[in-house]
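Working notes for the structure below.
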Amino acid sequence: MMLQPLRRGALVSAYRNPCYRRAFFSFPQTQTYHERKILPYRPNDLYQIVADVESYPNFLPYCTGSRVLNRSEREDGVVLMDAELTVAFLALRESYMSSVTCKPCESVQAVASTSTLFKTLNSVWRFQPASPNSPHPSDIPLSRAAVTSSDDGPTLVTLDIEFAFANPMHAAVSAKVFGQVSQLLIKSFEARCLAVYGPGCR
């Protein structure tokens, strides 16, 4: 069997394949971060800090503006908000809409819906009564009555962040900045709690 000669241009076209170009800018499509920390405050106090969306520019890193456009409350007490958030870091700046779901004393979830900078941007804060000696949440779901009865603190705070940049170049440039974003958020949140509530009960 005779080998066929390589057609002129075949090797060049292979290197022009988009798959090869993407390899030079390879970056995780979606990044996830998880942080947890026990703070000496009541779950409701910590919930109120995160649910106050319009105060975000006062303490959240990279957030330069926020305003609530729509707010409603369901029969089960869950609060729904449409908020416009503005973020700025390095030379990048963008305003986008975020759908915020607040479960009183339990969690605050925000999902970006109109961002052109981020393909995905989700965050969830959770608050759960915890023992000072254990950094782990209970495996048993807590009822609202249980949350109320143990609402003296301390509280286990967990933060989950999921994001992906729409542009791989932005992802590469911002890797160092966003690589520690969850830790920065927790530190800023803790500083905000100290400013609003004082040192808490340890």
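Just so it is clear, the model here is predicted, and its values are computed rather than measured.
Criterion: ILVMFWY side-chain heavy atoms under 4.5 Å apart, direct or through other members. Under it, V79 and L85 are part of a common hydrophobic cluster. Taken together through direct or relayed side-chain contacts under 4.5 Å among Ile, Leu, Val, Met, Phe, Trp and Tyr, M97 and L117 form parts of separate hydrophobic clusters. Under the 4.5 Å side-chain contact rule for hydrophobic residues, V108 and L184 share a cluster. Transitive grouping of hydrophobic side chains (ILVMFWY, heavy atoms separated by less than 4.5 Å) brings M81 and Y96 into a common cluster. A single hydrophobic cluster is not seen to contain both L80 and V53; linkage of ILVMFWY side chains at heavy-atom distances under 4.5 Å, directly or through other members, places them apart.
Looking at heavy atoms from C-beta onward, L194 lies in side-chain contact with Y41 at the 4.5 angstrom threshold. Contact annotation: the side chain of V111 approaches that of N122 to within less than 4.5 Å [non-hydrogen atoms, C-beta and beyond]. Put simply, the side chain of Q48 reaches to within 4.5 Å of the side chain of Y197, judged on heavy atoms. At least one side-chain heavy atom of F59 sits under 4.5 Å from a side-chain heavy atom of I49. Put simply, the side chain of L156 reaches to within 4.5 Å of the side chain of T158, judged on heavy atoms. The side-chain heavy atoms of Y56 and V50, taken from C-beta on, include a pair separated by under 4.5 Å. Side-chain atoms of C102 and Y47, non-hydrogen and from C-beta on, do get closer than 4.5 Å to each other. Looking at T32 and D160, their side chains never come closer than 4.5 Å, going by heavy atoms from C-beta outward.
Between W125 and F127, the ring-plane angle classifies as parallel under the 30° and 60° cut-offs.
Nearest heavy-atom pair, S55 versus R192, reported as atom, atom and distance to 0.1 Å: CB-NH2, 3.8 Å. The shortest heavy-atom contact between A166 and P168 is O-CD, 3.8 Å. The minimum heavy-atom distance between P43 and C105, with the atom names listed, is CB-O, 4.0 Å.
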Original post:
Could you walk me through whether V100 and V68 pass the side-chain contact (heavy atoms from CB on, under 4.5 Å) check?
Top reply: CA-CA 10 Å; V100 184; V68 175; over 6 Å; no
Subject >> Evaluation steps, side-chain hydrogen bond (donor to acceptor under 3.5 Å, both in side chains), between E162 and T120 >> reply: CA-CA 7 Å; E162 178 186 34; T120 301; 6.0 Å; no
**OP:** Give the intermediate values and the outcome of side-chain contact (heavy atoms from CB on, under 4.5 Å) for residues I161 and L185.
**Re:** CA-CA 10 Å; I161 300 177; L185 286 171; 3.2 Å; yes
**OP:** Go through S99 and D82 one step at a time and tell me if the side-chain contact (heavy atoms from CB on, under 4.5 Å) criterion holds.
**Re:** CA-CA 5 Å; S99 299; D82 292 323; 3.9 Å; yes
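A side-chain N or O of Q31 and one of Y33 form a donor-acceptor pair less than 3.5 Å apart.
The structure places CG of L159 at 11.5 Å from CZ of R36, a figure rounded to the nearest 0.5 Å. A distance of 7.0 Å separates NZ of K103 from CZ of R74, quoted to the nearest 0.5 Å. One finds the CG atom of L46 at 15.0 Å from the CZ atom of R126 (value rounded to the nearest 0.5 Å). Taking CG of L121 as the reference point, atom CZ of F165 lies at 9.0 Å (rounded to 0.5 Å).
Without hydrogens or angle criteria, E94 side chain to T116 main chain gives a donor-acceptor distance under 3.5 Å. In this structure, the side chain of S98 does not engage the main chain of A110 through any donor-acceptor pair within 3.5 Å. Using modelled atom types, no side-chain atom of E35 and backbone atom of S182 make a donor-acceptor pair closer than 3.5 Å.
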